[in-house]
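Heads up, the thing below is written out as structure tokens.
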Amino acid sequence: MLCSRRGVQRKMKDGFLMERIDILGVGIDNVTMEEAVERAMELLTDGKRHYVVTPNAEILYECGRDAAVMEAVKNADLILPDGAGVVLASKILGTPLKEKVAGVEFAVNILPKLVEAKKKLYLLGSKPGIAERAAIKMRELAPGLEICGTHDGYFKDDTPVIEEINRSGADVLYVCLGAPRQEFWIRQNIESLCAGLCVGLGGTLDSITGEVKRAPKIFIKLNLEWFYRLIKQPSRLGRMMRLPKFLMQVFKYKRK
Ligand code: UDP
């Protein structure tokens with residue numbers, strides 16, 4: 001490991017330097033989408049258990065308020081900047097991230113690599129029926145993709161779900177239970193799971209099926225995806241109020 005002004009750098013097997021940018025005490029991996037996919041695939045090669053998180057500004061704000069959330073996010077092997085708020089924070093702090101790596105896009109972009117590497121994917125989360133529909137869509141997006149099982153996210157007992165995932169022979173598990181429940185779930189169960197890589201992906205299955213529509217491209221381009229989601233789901237207002245609070249924290253952090 002090397003230390004730089006911007007944060008900690010880790011040297012990967014192929015010599016690539018992974019740099020972590022400190023935002024409110026969480027080291028966010030400074031990677032492009034392509035690099036994120038490459039690193040995730042590399043994590044699948046050593047036979048150990050790894051997990052990826054995709055925190056947005058709301059979750060980073062929660063990390064500062066709840067030590068358990070911080071612990072679950074901070075210990076991930078790959079921490080991707082999901083959202084314009086995180087990228088904006090990195091700029092405010094004078095250590096700009098290369099780009100936003102949205103969880104939903106990461107989840108789709110890695111699929112052809114999973115096909116190439118013959119890795120099996122299991123989808124966990126969302127309302128009954130959504131994961132099955134997402135599986136159909138994903139197979140269309142990445143022909144040859146092996147989705148070895150699906151399960152909705154509304155279960156009480158973890159044990160039978162874990163047994164089913166393990167029986168399926170999954171190499172990769174998408175955990176879409178919403179944040180921070182999914183991060184806690186992964187932390188708690190990772191050692192009982194056979195999958196080498198768990199990825200916490202929030203509402204990704206809803207987006208892939210169109211159950212929850214992603215914002216039109218123009219909103220995404222103008223970094224206003226949050227505004228579109230607010231119009232569509234006004235019930236998110238409470239959660240979204242964390243964004244200005246997050247930015248205030250970032251300014252305070254900068255002055256420290
Ligand atoms: N969810 C779930 N089990 C639960 C609560 C939520 O599977 O007990 C799912 C929910 O159906 C939705 C996702 O978790 O698909 C959360 O979506 P949201 O957009 O709120 O996620 P985030 O903003 O955390 O990415």
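For ligands, and for the atoms within them, numbers begin at 1 and follow the listed sequence. Nothing fancy with the numbering, it's 1 onward along the sequence.
Side chains of Tyr122 and Glu164: a donor on one and an acceptor on the other come within 3.5 Å.
Residue His151 places no heavy atom under 4.0 Å from ligand 1. A heavy-atom separation below 4.0 Å is found between Arg181 and ligand 1. Residue-ligand proximity: Leu205 is placed with every non-hydrogen atom at 4.0 Å or more from ligand 1.
Residue contact check: Asp206 has heavy atoms under 4.0 Å from atoms 12 (C), 15 (O) of ligand 1. Every atom of ligand 1 with a heavy atom of Gly178 under 4.0 Å away is listed here by number and element: 13 (C), 14 (O), 16 (C), 24 (O). Heavy-atom proximity to Arg229, at under 4.0 Å, picks out these atoms of ligand 1: 19 (O).
Summary of contacts: the protein heavy atom closest to atom 10 (C) of ligand 1 is Tyr154 OH, 3.4 Å. From the protein, the heavy atom lying nearest to atom 9 (C) of ligand 1 is Cys176 O, 3.6 Å. For atom 7 (O) of ligand 1, the closest non-hydrogen atom of the protein is Ser126 N, 2.9 Å.
Checking side-chain atoms of Glu211 against main-chain N and O of Leu205 turns up no donor-acceptor pair under 3.5 Å. With hydrogens and angles ignored, the 3.5 Å screen pairs a side-chain donor or acceptor of Asp29 with a backbone N or O of Ile79.
Looking at ligand 1, you'll find an N or O of Ala179 within less than 3.5 Å of one of its N or O atoms. Polar contact check, Gly153 against ligand 1: a nitrogen or oxygen pair lies under 3.5 Å apart. Residue Gly125 has no N or O atom closer than 3.5 Å to an N or O atom of ligand 1.
Taking 4.0 Å as the cut-off between side-chain N and carboxylate O, Arg49 and Glu191 do not count as a salt-bridged pair. Using a 4.0 Å cut-off between charged side-chain N and carboxylate O, Lys74 and Glu183 make no salt bridge. Note on Glu71 versus Arg187: salt bridge recorded, some NZ/NE/NH1/NH2 to OD/OE distance being below 4.0 Å. Glu35 and Lys98 are joined by a salt bridge, as a carboxylate oxygen and a charged side-chain nitrogen come within less than 4.0 angstrom of each other.
Ala215 and Ile220 make their closest contact through O-CD1, 3.5 Å (heavy atoms, listed as atom of the first residue, atom of the second, distance).
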